[in-house]
Amino acid sequence: MAAELSALKGLDFLSSADLNGAQTQALLTLAADIKAGRRNPRLDGKVLGLIFSKASTRTRVSFTVAMARLGGQTIDLNPSVSQVGRGEPIEDTARVLSRYLNAVAIRTFAQSDLQAYADAASIPIINALTDLEHPCQALADYLTMQEAFGSIEGLTMTYVGDGNNVAHSLLIAGALLGVNVRIGCPAGFYPLEQVVAQAKAIAAGRSEIAICEDPTEAVRGAHAVYTDVWASMGQEEEQSTRVQAFRGFCVDEALMSHADAKAIVLHCLPAHRGEEISAEVMESSASRIFDQAENRLHAQQALLATLLGAEG
Ligand code: CP
Ligand code: NVA
């Protein structure tokens with residue numbers, strides 16, 4: 001294990017900011033090595049719990065397959081069939097699970113609930129998406145960008161859409177990797193000021209962090225153009241007002257014509273064709289969306305191997 005990564009053994013991964021730049025890059029390198037078959041870390045006999053309070057296809061399946069490939073197992077602790085759903089306190093649940101499991105990946109609403117698990121648990125807690133961040137997604141996203149371009153330092157990642165969880169992790173992880181991150185979003189849907197300030201502090205002038213309300217300006221010259229749904233999980237009742245608010249922010253051929261000629265298109269999925277992305281762009285040769293989904297698996301194998309101190 002690279003020296004940068006051995007320092008992460010036993011730690012939580014609640015935010016992209018839990019890693020430094022060297023650790024983020026080392027994790028991407030390990031993920032690429034695992035994907036290429038150059039490394040084969042082992043977690044035989046280790047068990048990961050999955051506590052998901054929201055729907056998931058990619059995150060749930062990629063964590064399950066990642067553990068299987070590493071020689072370990074997962075247990076699905078869906079709150080509706082555990083005592084969590086009946087109100088057992090997070091603090092008690094986290095302490096009990098720490099006696100059985102080696103790590104827990106949690107998808108929930110409030111970052112403070114995730115933090116409460118981490119505070120009470122004695123095993124690594126992993127953010128599998130909260131309303132604030134989606135750090136495992138950002139690892140796969142920058143791995144995909146790195147596969148397309150080689151070195152990504154100094155390149156530009158533009159995210160077009162709602163400035164929430166996915167955008168937040170892209171801002172922080174991009175800053176850590178020396179990538180320029182631009183967010184194009186309508187007024188009222190900006191990323192949180194504290195996250196933008198955090199990304200700017202990390203970038204420290206090495207790369208540019210910018211927010212703008214003009215999607216064309218945001219996309220101009222970008223090497224990766226990324227979007228996500230306009231109404232996230234938990235915001236379903238705002239769907240129709242958001243469709244109005246985000247008019248003009250669809251990643252379509254017209255918007256892509258302003259990006260770099262070799263630009264790639266990314267989307268964390270699930271996608272709503274005809275809303276945040278056109279069907280043509282989704283299926284275009286620029287799209288790396290399904291490689292990106294696959295990379296969740298490789299990135300999370302690298303993450304689990306690192307946090308659980310795998311050999312090999
Ligand atoms: N991108 C992502 O997290 O997908 P799921 O919601 O299917 O896990
Ligand atoms: N922003 C989306 C991401 C889904 C992977 C959501 O929170 O629903």
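In this chain, numbering begins with 1 at the start of the sequence shown. Counting starts at 1 for both ligands and their atoms, following the listed order.
Judged by distance alone, the side chains of Glu275 and Gln239 do bring a donor and an acceptor atom under 3.5 Å apart. In the model, Asp252 has no side-chain atom that pairs as donor or acceptor with a side-chain atom of Ser278 under 3.5 Å. Residues Glu153 and Gln146 bring no donor and acceptor atom of their side chains to less than 3.5 Å of each other.
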Donor-acceptor contacts under 3.5 Å from residues 166-174 side chains, at least two apart:
| from | atom 1 | to | atom 2 | distance (Å) |
| --- | --- | --- | --- | --- |
| His168 | ND1 | Leu132 | O | 2.8 |
| His168 | ND1 | Asn164 | O | 3.4 |
| His168 | NE2 | Gly163 | O | 3.3 |
| His168 | NE2 | Leu192 | N | 3.0 |
| Ser169 | OG | Glu133 | OE1 | 2.8 |
| Ser169 | OG | His134 | N | 2.9 |

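Using a 4.0 Å cut-off between charged side-chain N and carboxylate O, Glu147 and Lys35 make a salt bridge. Salt bridge Asp44/Arg42: present, at least one basic N to carboxylate O contact under 4.0 Å.
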(request) Go through Tyr117 and Thr93 one step at a time and tell me if the side chain to side chain contact (heavy atoms under 4.5 Å, CB included) criterion holds. (result) CA-CA 8 Å; Tyr117 274 105; Thr93 305; 4.2 Å; yes
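Between Lys200 atom NZ and Ser207 atom OG the span is 11.5 Å, to the nearest 0.5 Å.
Around ligand 1, the residues contributing at least one heavy atom under 4.0 Å from the ligand are Ser56, Thr57, Arg58, Thr59, Arg107, His134, Gln137, Cys268, Leu269, Arg296.
A search for side-chain hydrogen bond (donor to acceptor under 3.5 Å, both in side chains) contacts involving Glu294 returns His298, not counting sequence neighbours.
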Are there any N/O pairs under 3.5 Å between ligand 2 and the protein, and if so, what are their distances?
| from | atom 1 | to | atom 2 | distance (Å) |
| --- | --- | --- | --- | --- |
| ligand 2 | 1 (N) | Asn165 | OD1 | 2.9 |
| ligand 2 | 1 (N) | Asp228 | OD2 | 2.6 |
| ligand 2 | 1 (N) | Ser232 | OG | 2.7 |
| ligand 2 | 7 (O) | Asn165 | ND2 | 2.8 |
| ligand 2 | 7 (O) | Ser232 | OG | 3.4 |
| ligand 2 | 8 (O) | Met233 | N | 2.8 |

